[in-house]
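Some notes on the structure that comes next.
Heavy atoms only: backbone and side chains are in, while hydrogens, waters and symmetry mates are out.
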Amino acid sequence: MKKLVSVLRLMLVLCLLATASKIVAHMCQDICSGHQHKEKSEKKTTESKIETKESFYVTVYTCPMHPEVQQEKPGNCPKCGMKLEKKQVLITYACPEKNCEYQKANPGKCLHHDKDLVKCEVKYHCPKCGKDVEPEQLLKPKKGQIYLRNVNPEEVGKKVFCPVMKKEFTTTKKTKVVDYEGKSFYLCCAYCEKAIIKQPEKYISICPKCKEHVNTEDLKLKPIKPEQQIETK
């Protein structure tokens, strides 16, 4: 009897040890996962800072009708006579060479071409056409401006991209479509159909220059080189 009790006690201890080991393993896994998530978040934050760390904001006065007219002091537009409006713009010192991406927040020389850096305004550019486009200039539909339609027979079997799920799929006879600014947007499921009707401006944005679908987060910050500047003062 005593021998049986001892065996049972030993088995209980082993079970407790096994359970404790599993708990510790799960705790370690959670901690590691937390660290990995933190590292990814920190990396993403760092990458976003790198994009603008070599630039700075300044106050300029610009014409609402002729945005290419800019000067450092208040006054009137030399083209139309309108009073200039105050505006915050992003500035950097960039290499004058067309395809060189070297830039600094202070004057200096390009390390690649040994040329004096020039003061440039930094603007958002469309990844499709390369032209400068500010996020607020993107064409976006408002709620009630777009409607679902059935896919046309010639559109069935076509490989398309769903703007809500952001994935490619092949259309069927049941696929629904919305049209905006001459572009057709195909929805892969009922969830996406409801989402795009409820918040169309979240999923549809068109570049006013090339009329292509562009997500706001895809716009790139680039300096406007001297040969691209129309008029600055």
Under 4.5 Å between any side-chain heavy atoms of [X] and [Y], yes or no?
X: T92; Y: E121; answer: no
X: Y124; Y: D132; answer: no
X: Y203; Y: K166; answer: no
X: I224; Y: H125; answer: yes
X: Y186; Y: C162; answer: no
X: K209; Y: V133; answer: yes
X: I196; Y: L187; answer: yes
X: P127; Y: L219; answer: yes

Kindly give the heavy-atom pair with the smallest separation between [X] and [Y], and that separation in Å.
X: T62; Y: V69; answer: OG1-O, 2.9 Å
X: Y57; Y: Q88; answer: CB-OE1, 3.6 Å
X: P141; Y: I146; answer: CB-CG2, 3.8 Å
X: K109; Y: Y102; answer: O-CE2, 3.6 Å
X: E212; Y: K128; answer: CB-CG, 4.0 Å

Answer yes when [X] and [Y] have at least one side-chain N-carboxylate O distance shorter than 4.0 Å, and no when they do not.
X: K142; Y: E201; result: no
X: E101; Y: K222; result: no
X: K173; Y: E155; result: no

Please report the interatomic distance [atom1]([X]) to [atom2]([Y]), rounded to the nearest 0.5 Å.
X: K115; Y: C95; atom1: NZ; atom2: SG; result: 6.5 Å
X: K158; Y: N152; atom1: NZ; atom2: CG; result: 9.5 Å
X: Q70; Y: C63; atom1: CD; atom2: SG; result: 11.0 Å
X: K176; Y: Y147; atom1: NZ; atom2: OH; result: 15.5 Å

If you group Ile, Leu, Val, Met, Phe, Trp and Tyr by side-chain heavy-atom gaps below 4.5 Å, do [X] and [Y] land in one group?
X: L138; Y: V164; value: no
X: F161; Y: Y180; value: no
X: M165; Y: V178; value: yes
X: Y191; Y: L148; value: yes

Taking atom types as modelled, find out whether K202 and T216 have a side-chain donor-acceptor pair closer than 3.5 angstrom.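 No - no donor-acceptor pair under 3.5 Å links their side chains.
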Donor-acceptor check, side chain of [X] to backbone of [Y], threshold 3.5 angstrom: yes or no?
X: K225; Y: C100; result: yes
X: T171; Y: G157; result: yes
X: E181; Y: K183; result: no
X: K86; Y: T59; result: no

Start with the C-alpha distance between E97 and N99, add both sets of side-chain angles, then the distance that settles side chain to side chain contact (heavy atoms under 4.5 Å, CB included), and finish with yes or no. CA-CA 6 Å; E97 286 289 326; N99 296 319; over 6 Å; no
More than 12 non-hydrogen atoms from neighbouring residues, nucleotides or ligands closer than 6.0 Å to CD on E136, yes or no?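 More than 12 heavy atoms, drawn from other residues, nucleotides or ligands, come within 6.0 Å of this atom.
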